[in-house]
Novice: 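First the structure, then my questions, so here it is.
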Amino acid sequence: MTCPPKVRVVEVGPRDGLQNEKAIIPIGTKVALIEALVASGLTSIEAGSFVSTKWVPQMADTAELLGLLPARPGVRYPVLVPNLRGLEQALATCRVEEIAVFGAASEAFSRRNINCSIDESLRRFEPVVSSAREHGLRVRGYVSCVLGCPYEGEVDAAVVARVAAALTGMGCYEVSLGDTIGTGTPLKARRMVEAVVAKVPVEHLALHFHDTYGQALANIFACLELGVTVIDSAVAGLGGCPYASGATGNVATEDVVYMLHGMGIDTGLDLARLCEAGAMISTALGRAGASRVAQAFHAAPNRRRD
Ligand SMILES: CC(=O)SCCNC(=O)CCNC(=O)[C@H](O)C(C)(C)COP(=O)(O)OP(=O)(O)OC[C@H]1O[C@@H](n2cnc3c(N)ncnc32)[C@H](O)[C@@H]1OP(=O)(O)O
Ligand SMILES: CC(=O)CC(=O)O
């Protein structure tokens, strides 16, 4: 098997991980989490979203949060932006270097999540992407429901490829492929990425897999061989989507990094510190983290963690 020598991990815990928490998380806890993630070597940490605070109240403090994060050369705190209003808010913080627009490969999910059809969403994103780029921001794109939809079931990989190509075409430097409800399995994931790679160069793709059915690591493994070198994950396996009932968290960053390091793939990350960040937020949330690697290290504290 040929795998990339190096993989970039994009941490989405503070946004995707926390957006679905019922109790409002104190801003100090979010800052402490992000600081702990920075200490582990992460350089791309998705910090929040500029979306309707009625729809996702947990992200209502995003502007204030960004203002509390020290600027660090080489570290970015991307935010989700669904429309021009969100972009204005992001630009007003003077802290945002990168935004992400987020579409879907399922009509029903698109309507529930952002209240418009797939084509309407792409039309809506175009001025957001061009204006963001004019302001010097990097823009990432997401496609949700790439391996299944909570409302429609099966999703056609050709639609995933079409949406990913549209996002790339309008100027997204990278498109992250979201298995929002974690129903994917390895061969299906591989075939989906192959369909996308026929339209978007693999260097512009990232994997964003949720672990609802415990398949995320296997799915990532299956896609690494295709040349994908960017993986989204959330420390302690935090997460879920408010519009995908029953979906659990993202694949845990600790588990991804353990697997990659075990395969000789460099991430530049400190696994022990990632476990500390995961323990910190799990304690704050009052529950055990979902990372199997962190649990194993906790049970055998003298084992090497690199
Ligand atoms: C897979 C994932 O995890 S994706 C991430 C989770 N999902 C999300 O974050 C999506 C949340 N969805 C939303 O916020 C909404 O669907 C939107 C804003 C994208 C679109 O909603 P629409 O109702 O079509 O927008 P519309 O322009 O009509 O505005 C509706 C309300 O939202 C407000 N609004 C619109 N855009 C924004 C924004 N970017 N930030 C804050 N408020 C906004 C409007 O002011 C209006 O408020 P009001 O009801 O008090 O008058
Ligand atoms: C925007 C996202 O969070 C992507 C997904 O999980 O579908």
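Numbering of ligands and ligand atoms starts at 1, following listing order.
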Novice: Between the side chain of D211 and the main-chain N/O of A216, is any donor-acceptor distance below 3.5 Å?
Specialist: yes
Novice: Which of the atoms in ligand 1, numbered in the order shown and given with their element, are less than 4.0 Å from a heavy-atom of G86?
Specialist: 39 (N)
Novice: For the residue pair V128 and V139, establish whether any side-chain heavy-atom pair is separated by less than 4.5 Å.
Specialist: no
Novice: Using distance alone, decide if ligand 2 has a nitrogen or oxygen within less than 3.5 Å of any nitrogen or oxygen in Y142.
Specialist: no
Novice: What atoms of ligand 2 come within less than 4.0 Å of a heavy atom belonging to D16?
Specialist: 3 (O), 6 (O)
Novice: With respect to atom 50 (O) of ligand 1, which of Q19, M59, K54 exhibits the smallest heavy-atom separation?
Specialist: K54
Novice: For atom 43 (C) of ligand 1, tell me which residue out of Q58, R15, R85 has the closest non-hydrogen atom.
Specialist: R85
Novice: Would F102 count as a polar contact of ligand 1, with the cut-off being nitrogen or oxygen pairs under 3.5 Å?
Specialist: no
Novice: Once the angle between the rings of F125 and F102 is folded into 0 to 90°, is it parallel (under 30°), tilted (30 to 60°) or perpendicular (over 60°)?
Specialist: tilted
Novice: Answer yes or no: is there a donor N or O on one side and an acceptor on the other, between the side chain of Q19 and the main chain of G239, under 3.5 Å?
Specialist: no
Novice: Enumerate the atoms of ligand 2 whose separation from the nearest heavy atom of S144 is less than 4.0 angstrom.
Specialist: 4 (C), 5 (C), 7 (O)
Novice: Between E174 and R138, is there a salt bridge with N-O shorter than 4.0 Å?
Specialist: no
Novice: Between N83 and ligand 1, does any nitrogen or oxygen pair lie at a separation below 3.5 Å?
Specialist: yes
Novice: How about L226 and V197: do any of their side-chain heavy atoms sit closer than 4.5 Å?
Specialist: no
Novice: For L80, take its heavy atoms, then give the atoms of ligand 1 lying under 4.0 Å from any of them.
Specialist: 5 (C)
Novice: Do any N/O atoms on Q89 end up under 3.5 angstrom from N/O atoms on ligand 1?
Specialist: yes
Novice: side-chain hydrogen bond (donor to acceptor under 3.5 Å, both in side chains) between R15 and Y77: does it pass, once the steps are laid out?
Specialist: CA-CA 10 Å; R15 192 280 303 172; Y77 306 110; over 6 Å; no
Novice: Distance under 4.0 Å to a non-hydrogen atom of H210: what atoms of ligand 2 satisfy this?
Specialist: 6 (O)
Novice: Kindly confirm or rule out an N or O of D179 lying under 3.5 angstrom from an N or O of ligand 2.
Specialist: no
Novice: State the atoms of ligand 1, each with its element, that fall below the 4.0 Å cut-off from a heavy-atom position in V56.
Specialist: 8 (C), 9 (O), 11 (C)
Novice: Which of the listed options, L80, V12, V101, T180, holds the heavy atom that is closest to atom 7 (O) of ligand 2?
Specialist: T180
Novice: Can you check whether A108's main-chain N or O pairs, donor with acceptor, with E152's side chain at less than 3.5 Å?
Specialist: yes
Novice: Under a 4.0 Å N-O cut-off, is there an ion pair linking E64 with K30?
Specialist: no
Novice: Select the closest option to atom 42 (N) of ligand 1 among S144, S52, C145, A104, judged by heavy-atom distance.
Specialist: S52
Novice: Checking S282 side chain against A288 main chain: does a donor-acceptor pair fall under 3.5 Å?
Specialist: no
Novice: Measure from atom 41 (C) of ligand 1 to every heavy atom in I114, V51, L84 and give the option owning the shortest one.
Specialist: V51
Novice: Indicate yes or no for a side-chain donor-acceptor contact from E21 to the backbone of Q58 under 3.5 Å, with no hydrogens or angles considered.
Specialist: no
Novice: Judged on heavy-atom distance to atom 22 (P) of ligand 1, which of N115, N250, T62 sits nearest?
Specialist: N115
Novice: Checking the side chain of E98 only, and the main-chain atoms of R140 only, is there a donor and an acceptor separated by less than 3.5 Å?
Specialist: no
Novice: Any N or O of T53 that comes nearer than 3.5 Å to an N or O of ligand 1?
Specialist: no
Novice: Can you tell me which portion of N113 lies within the under-4.0 Å heavy-atom range of ligand 1? Options are side chain, backbone, both, or neither.
Specialist: both
Novice: Give the atom numbers and elements of ligand 2 that come within less than 4.0 Å of a heavy atom of R15.
Specialist: 1 (C), 2 (C), 3 (O)
Novice: Kindly say whether V51 contributes a backbone atom to a donor-acceptor pair with the side chain of S49 at under 3.5 angstrom?
Specialist: no
Novice: Which atoms of ligand 1 have any heavy atom of F50 under 4.0 Å away?
Specialist: 38 (C), 39 (N), 40 (N)
